[in-house]
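Only one structure is covered here, and it is reproduced in the block below.
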Protein chains: 2
Amino acid sequence: MTPTLREVAQLAGVSIKTVSNVINGYPHIRPATRERVESAIAELGYTPNLTARNLRAGRSGAITLALPDMGLAYFAELAAQVIETAESAGLIVQLEHTGGVRERELELLRSPRRQSSDGLIFSPLGMSQDDAGALNVPYPLVLLGERIFDGPTDHITMRNHDAARAATEHLLESGRRRIAIIGAHEGEVIGSAGLRFAGYRAALEGAGIAVDPALVGYTGLWHRANGAETMRALVETGVDFDAAFCLNDTLALGAMRALEELGRSVPDDVAVIGFDNLDEAQYSIPSLTTVEPGRGWIADTAVKALNARIDGSVSREERSRTLFAPYRIVERESTLAGRST
Amino acid sequence: MTPTLREVAQLAGVSIKTVSNVINGYPHIRPATRERVESAIAELGYTPNLTARNLRAGRSGAITLALPDMGLAYFAELAAQVIETAESAGLIVQLEHTGGVRERELELLRSPRRQSSDGLIFSPLGMSQDDAGALNVPYPLVLLGERIFDGPTDHITMRNHDAARAATEHLLESGRRRIAIIGAHEGEVIGSAGLRFAGYRAALEGAGIAVDPALVGYTGLWHRANGAETMRALVETGVDFDAAFCLNDTLALGAMRALEELGRSVPDDVAVIGFDNLDEAQYSIPSLTTVEPGRGWIADTAVKALNARIDGSVSREERSRTLFAPYRIVERESTLAGRST
DNA sequence: ACTCTCGCCTTCAACGTTGTAGCCTGATTG
DNA sequence: CAATCAGGCTACAACGTTGAAGGCGAGAGT
């Protein structure tokens with residue numbers, strides 16, 4: 001089908017290895033020979049077979065990015081960043097979905113498909129700390145997110161606790177006192193929900209306010225519908241509140257929608273802050289104040305860290321590192337001066 | 001590093017080929033032998049080397065999906081679908097960004113990286129009909145979208161003209177008569193913008209209404225900001241209109257935001273319809289009436305068509321087909337009964 | 001008893017590359 | 001003038017896998 005070195009060699013009247021040498025820039029080749037080879041390559045339209053090269057080299061030139069679901073805006077934007085960074089490092093990105101399901105995640109780590117790429121950037125969602133052992137894999141692995149800590153691999157994450165605290169403090173500073181939280185997970189300690197909840201609690205306690213269980217909205221999934229539903233339920237309990245910290249933007253957008261439907265004004269009646277700084281957050285009505293989680297930095301750093309393990313510039317023995325992305329609060333309309341001003 | 005067939009064979013005391021046979025389910029193997037091999041595999045944690053397998057098979061088990069940008073919701077959702085479908089067909093998906101830039105698209109078609117996957121699903125944006133020749137590539141290719149028609153490859157698209165006509169008619173049926181269009185491209189004939197504009201024109205003319213140039217909002221990019229800006233400009237001209245057909249949902253969401261800011265109510269003053277049925281459209285305020293473009297069908301069909309070319313069940317000689325996805329109007333709040341009811 | 005068939009397993013070669021070793025030629029050197 | 005060396009090329013082996021072909025014994029058929 002496609003031509004191989006053998007055919008190019010035959011046409012140019014040289015050995016197969018000489019063609020290989022020309023292609024790989026080996027210096028000691030007579031100009032005349034080089035020229036003959038090059039024109040043979042051009043004539044046949046030869047391109048090297050990467051599979052063979054990879055087999056020879058023991059490398060594939062590809063990395064795998066495993067995410068819960070590309071349909072979720074946060075992951076889509078993360079993937080876009082990873083692809084850009086990998087592209088400029090000459091790497092191909094293979095994408096896998098886990099659906100956030102523990103079994104699929106464990107399966108993914110063991111799958112023979114891992115052999116077809118040189119390393120994995122993995123954002124677990126279903127696995128928990130107990131599964132950390134499964135991360136002990138024979139290939140380079142970089143972990144994202146906050147499901148698992150102290151694993152045996154490099155880990156890129158953000159300071160969820162601090163960022164959530166800052167987000168809550170932002171609401172407190174604008175005079176809000178009755179701050180609901182949307183998206184909590186019952187009993188979770190680590191994981192985005194657990195850490196962000198702890199940051200929320202810390203901010204409140206720092207301001208001398210106790211966490212009111214009536215203001216804690218639990219919801220397993222973080223989709224728009226869940227945000228809307230949880231907010232609706234909260235309003236229907238009749239409890240008083242003047243702000244909501246939503247554990248991600250998607251929840252926040254759903255919650256804002258529910259508030260609007262129920263006749264509560266954002267930010268006048270209820271200030272809303274999200275988390276993730278999705279592209280969408282700046283175009284919602286009202287635009288959404290949120291936490292920018294350093295997604296670009298995360299993608300860059302993850303690809304670089306993985307690459308360092310792949311090319312051996314950081315060896316397998318070297319201790320795993322945990323790197324924290326810088327965050328910042330992006331202030332928009334949904335938390336503008338409220339009731340108390 | 002990772003064990004190979006050779007080591008498994010040694011441990012099990014059989015030939016390398018027998019191990020291979022066990023793995024590939026060759027029937028004539030004594031249970032005792034099979035068991036020894038299997039326990040050797042388990043003991044060593046052997047997994048087959050896919051690169052070698054692929055070299056042998058002349059296949060890579062991967063397909064490439066090339067899209068303008070995963071950061072755009074439409075493409076992210078499309079990619080999610082493609083990944084799901086490919087996964088269940090046992091294929092790995094490699095993702096490439098073109099940025100919608102013609103040169104990167106042409107480069108992508110020729111790149112040696114194509115050799116590392118078995119085929120390409122390609123959604124061009126920068127290339128135009130004149131570049132159709134570049135689609136004559138030596139590997140299986142499936143084209144998406146409406147930039148190029150009558151290319152040499154299978155093509156999955158939708159009936160943009162009909163769907164746009166239906167969308168416009170939906171507005172007409174609710175009594176709207178002054179229908180603006182947002183996102184037109186000057187002089188474009190094919191391409192999403194051109195085809196959808198033609199459908200808009202056809203609907204209006206079918207209702208005995210001429211296209212009013214004052215109601216045509218041009219914008220090159222289809223981002224939220226462009227939708228908002230174009231709508232703002234339209235309102236500022238002072239022209240009268242009671243509906244807007246936005247050529248995609250993102251534009252529509254931006255346009256709705258601008259209308260809201262300018263004190264026009266949706267749908268009471270202006271009905272808005274979009275195109276794409278993004279997940280987001282059902283959660284906006286108001287929720288957005290839109291055209292569901294059959295994204296799931298497109299992803300499924302694209303993977304299947306590509307796979308058919310790859311495994312040879314549809315040969316290279318067989319004529320290329322153009323397949324049209326089914327569409328439908330999804331009615332939501334943004335076009336509910338307006339002025340004239 | 002002799003072939004035939006069939007089950008079970010092995011050897012060989014090949015997929016397309018590239019690293020290693022080495023061969024030949026002509027120029028340089030003491 | 002032999003020894004040395006560098007330049008320019010080639011042959012071979014190997015990366016890990018699997019299809020093709022074939023060997024060997026045991027039971028079936030004649």
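These values consider heavy atoms only, across backbone and side chains, with no hydrogens, waters or symmetry-generated copies. Chain letters run A, B, ... following the sequence lines, proteins first, then strands; residues in each count from 1.
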- Message: Please give me every residue in residues 16-33 of chain B whose heavy atoms get under 4.0 Å of an atom in DNA chain C, ordered by residue number.
- Response: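 Residues of residues 16-33 of chain B that come under 4.0 Å of DNA chain C are, in numerical order, Lys17(B), Thr18(B), Asn21(B), Tyr26(B), His28(B), Ile29(B), Arg30(B), Thr33(B).
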- Close approaches to DNA chain C from residues 48-63 of chain B, in residue order (heavy atom, under 4.0 Å):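 Going residue by residue through residues 48-63 of chain B, the ones with a heavy atom under 4.0 Å of DNA chain C turn out to be Leu55(B), Arg56(B).
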- Find the distance Glu35(A):CD to dC9(D):P and express it as a whole number of Å.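 Distance check: Glu35(A) CD to dC9(D) P gives 13 Å.
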- Task: Could you tell me the separation between the CD atom of Gln10(B) and the C1' atom of dT10(C), rounded to a whole number of Å?
- Result: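 Taking CD of Gln10(B) and C1' of dT10(C), I get 16 Å after rounding.
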Is it the case that the side chain of [X] and the backbone of [Y] share a donor-acceptor pair, with hydrogens and angles ignored and the cut-off at 3.5 Å?
X	Y	value
Thr157(B)	Phe324(B)	no
Gln94(A)	Ser117(A)	no
His97(B)	Met70(B)	yes

- Message: Would you say Ser60(A) and Asn54(A) are linked by a side-chain donor-acceptor pair, where the criterion is simply a distance under 3.5 Å?
- Response: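 Per modelled atom types, Asn54(A) and Ser60(A) side chains form no pair under 3.5 Å.
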- Could you verify whether a donor N or O on one side chain and an acceptor N or O on the other, from Ser192(A) and Asn160(A), lie under 3.5 Å apart?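 Absent: no donor and acceptor within the cut-off.
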All N/O donor-acceptor pairs, side-chain side in residues 120-140 of chain A, below 3.5 Å, sequence neighbours left out:
{"from": "Gln129(A)", "atom 1": "OE1", "to": "Phe149(A)", "atom 2": "N", "distance (Å)": "3.1"}
{"from": "Gln129(A)", "atom 1": "NE2", "to": "Phe149(A)", "atom 2": "O", "distance (Å)": "2.6"}
{"from": "Asp131(A)", "atom 1": "OD1", "to": "Arg102(A)", "atom 2": "NE", "distance (Å)": "3.3"}
{"from": "Asp131(A)", "atom 1": "OD1", "to": "Arg102(A)", "atom 2": "NH2", "distance (Å)": "2.9"}
{"from": "Asp131(A)", "atom 1": "OD2", "to": "Arg102(A)", "atom 2": "NE", "distance (Å)": "2.9"}
{"from": "Asp131(A)", "atom 1": "OD2", "to": "Ser128(A)", "atom 2": "N", "distance (Å)": "3.0"}
{"from": "Tyr139(A)", "atom 1": "OH", "to": "Leu109(A)", "atom 2": "O", "distance (Å)": "2.6"}

- Which of these passes side chain to side chain contact (heavy atoms under 4.5 Å, CB included) with Ile156(A): Thr301(A), Leu143(A), Val303(A), Leu306(A)?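 With Ile156(A) as partner, Thr301(A), Leu143(A), Val303(A), Leu306(A) yield a single side chain to side chain contact (heavy atoms under 4.5 Å, CB included), made by Thr301(A).
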- Query: With a non-hydrogen cut-off below 4.0 angstrom, is Ser15(B) in contact with a base, only sugar-phosphate, or nothing?
  - Reply: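 It contacts base atoms.
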- Query: Between Arg114(A) and Glu96(A), is there a side-chain N and carboxylate O pair less than 4.0 Å apart?
  - Reply: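 The answer is yes: the pair qualifies as a salt bridge.
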